[in-house]
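Computed from a predicted structure; not experimentally measured. Residue numbers begin at 1 in each chain, while the letters A, B, ... track the order of the sequences.
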Amino acid sequence: MKAKHQRLILALVALAALIGAGLLAASALRDEAAYFYTPHDALTKHVEPGKAIRLGGMVVKGSLKRAADGVTIQFNVTDNKATVPATFSGIAPDLFKEGSGVVAEGAFDARGSFVATNLLAKHDERYMPRELDGMKYDEKSHELTAKPVPAAKP
Amino acid sequence: MIAEAGLAALWLAAALAFLQLSLVYFGLTDKGDLLAAVRPVAVVQGLLTALSFLLLVTLFLRSDMSVALVATNSHSAKPWLYKFAGTWGNHEGSMLLWVMVMGIAGAAVALFERALRRDTHMATLGAQALISLGFYAFLLFSSNPFARINPAPADGQGLNPLLQDPGLAFHPPTLYLGYVGLSVAFSFAVGALMTRNVDATFARAMRPWVLAAWILLTLGITAGSYWAYYELGWGGWWFWDPVENASLMPWLAATALLHSVTVLATRDALRAWTIMLAVVAFSMSMVGTFLVRSGILTSVHAFAVDPERGTFILGLLALYIGGALALFGLRIGTVREGAQFELVSRETMLVVNNLLLSVILGLVLIGTLYPLMTEAFGHKVSVGPPYFDRIAGPIALALVIAMAAGPLTRWRKDQARAVARRLLLPAVVLLLALSLVSVLAWGRIGVLPFLGLVISAGVAVGSLAPLWKRNLRRTPLFTFGMVVAHLGCAVSLAGMAADSAFTVEKLVAARPGDTIQTAGWTLRFDDIRPIAGDNWTALQGDMTVSRGGGAAVDIHPQARFFTTPPTNTTEAALLTRWDGQLYVVLGQETEDGRWQVRIWWKPFVTLIWLGGIMIAFGGALSLIGRERRGWLQKLRRREAVA
């Protein structure tokens, strides 16, 4: 085989790989990127039940309840504009508490309650889930006060 | 005084780096003998960076709280190991570590590199000095590790307890050594482009650096994965956290570079592509540094939240990568074409390997940067494990199949039928595994774990096949290295597949005295009591586990509390058996006095890290084998002359 042909074949294969990778990335990003929602977003945009998303906000004070099995908790997540109920079975992170920020991974069930499979809270007092940027963190009380989140651009 | 001496050493080293760059610049264009001074300058520069770093270590060990960095990142009550490791458990210290490793690597290149043409060697040292200068500037102007604080606090703020772990004390330096090794490879590429000297000799000189960097990156990623697994208490070994991706991306590029530089060294083909990969690999370690150190991503591992530093690193990134790409564009036309090869050949297989690795690299890069890009347009998006699993899984499986087939093809030219014949045995094993796994687990496990189990069996045999019918005592060490590394990939893959397919999880709330049954194990919760460590207190669960009729073993999961800074951590109890690991986490107390206990039985999960160690060990065998062959040849030549 001539060198020129060989390089042509290699270039074509590389190009095909590149295009394939781009298409794969685009489709996977469309389907799988776990979009971040605040409770207000989730209610106004009507997230379908079962779709994996991340829900972020503050745990409403006084809303945290434990089920009798000792491992399931119920709480409400708010962004001061809307509030949604959530449940989680598992060991909650140490810094998960009422009045604190949380990002919950999971999906809504048919009744509009959020079933979390994973809770991301702060790992230490300096760490804050990036998605909660819009909310204000009080250095002294180590608490998160929900600042009104600017309305998402259309 | 110690801090001032450290800063002075750093300034002197920076001045020498500038001198080194100037000597190379004028020495290469002028005919004078300025180049003779380059090597000693590089060596002294390396020694000065080492001195500066050792002085910082001294400050940490002495808990000198008048130094701001020590005060904010250490505490006098900390165990000495973490005072020592705390030196690089922060932004400034880790940048100084980076600079020191670079300085010493530069000195080593100056002292020990003999194979390169002299002008290329000197241009390489010049490029190395230029890269170092950027980092010196970064340290001296925006992150001085020796800055004093007045008044000095009595005690420091302490090190993040998550970092107070032997695994994490030594995991960052390993990764850094790898990153810096890639910067040396980058300097070689720039040097070779400057002096238009891209050929097999150059590749043989560059290869040990790529190999060493790759070994260290492999070890660093393996250690980081195991650390996350046992320390975070989530029971997972890879989270696609941006900071993990920041170490994975240079590894992917280095793996591609390692294979292409071998093609260049043995067959003198893929010249331009190898140079390009050297540029990409170093770019990825810079991108990684930028992501971790700029504060643009918040993560468990990211310390510095400071826009100025981010901008500085972004500037360096643009300068180095832009400069290298410009040089590449200008000079690559003058690099003559290398040797040719047929379509069915080892070279083609390695090109396939490189393409697949590049595709994974590109997809991981897109997934990591996409949230940052969309955020610039006002959308908050998080790209999580579902994306990465979906894209990386299938391509990685294709990659390991290519990996098994590659070593069974011949260099330059091969017959398709002969290759097929050599692949017969691995293919048979693959089919046997397919039927076995189908019978045992069909419908009970996901598609990717299923394929992973099947393919790992075929690949394991395929990896060993190059040793088939060979005289093992005459087989060169680097061939064994390749076999061990490839086998390590199969072992790791088997561990990943087994973990995701067969893990059993149980979550309960239990009182002391209760017994829990799961996955063939019996766990008795005996007691819970407070205990105290050096700088923490903890609640410890006393439990005994047994399996079948076997002897009972005591395990002690803990929930630890650190006071400086105030933080809770989870110390999982891990029990390793030949067929897997039992992973027990103690959770919180419920209102009625029960304790949350989470138990995982993870069959063969340890294979993941065993495979990682095998991969690195295979790399080390190759490195030793190649180097030893070089020495022996040199010795023989010398004897022949005598």
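With sequence neighbours excluded, the residues forming a side chain to side chain donor-acceptor pair (under 3.5 Å) with A:S89 are A:T72, listed by chain and number. Residues forming a salt bridge (charged side-chain N to carboxylate O under 4.0 Å, His left out) with B:E589 (at least two apart in sequence, or on another chain): none.
We find the CD-CZ distance between B:Q588 and A:R66 to be 5.5 Å, quoted to the nearest 0.5 Å.
Among all heavy-atom pairs drawn from A:I91 and B:R598, the shortest one is CD1-CB, 3.7 Å. Nearest approach of B:R390 to A:S27, heavy atoms of both residues: NH2-OG, 3.0 Å.
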For side-chain contact (heavy atoms from CB on, under 4.5 Å), just list the numbers for A:L24 and B:V359, CA-CA rounded to whole Å, side-chain angles, deciding distance to a tenth of an Å, and then say yes or no.
CA-CA 10 Å; A:L24 191 62; B:V359 168; 6.0 Å; no
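Of the atoms belonging to B:L356, not a single heavy atom falls under 4.5 Å from chain A. Using a 4.5 Å cut-off between heavy atoms, B:V352 makes no contact with chain A at all.
Atom CD of B:Q415 has 12 or fewer heavy atoms from other residues, nucleotides or ligands within 6.0 Å.
Using a 4.5 Å heavy-atom cutoff, the side chains of B:L507 and A:D69 are not in contact.
Annotation: maximal heavy-atom pairing with chain B below 4.5 Å, among A:G20, A:A25, A:G22, A:A17, occurs at A:A25.
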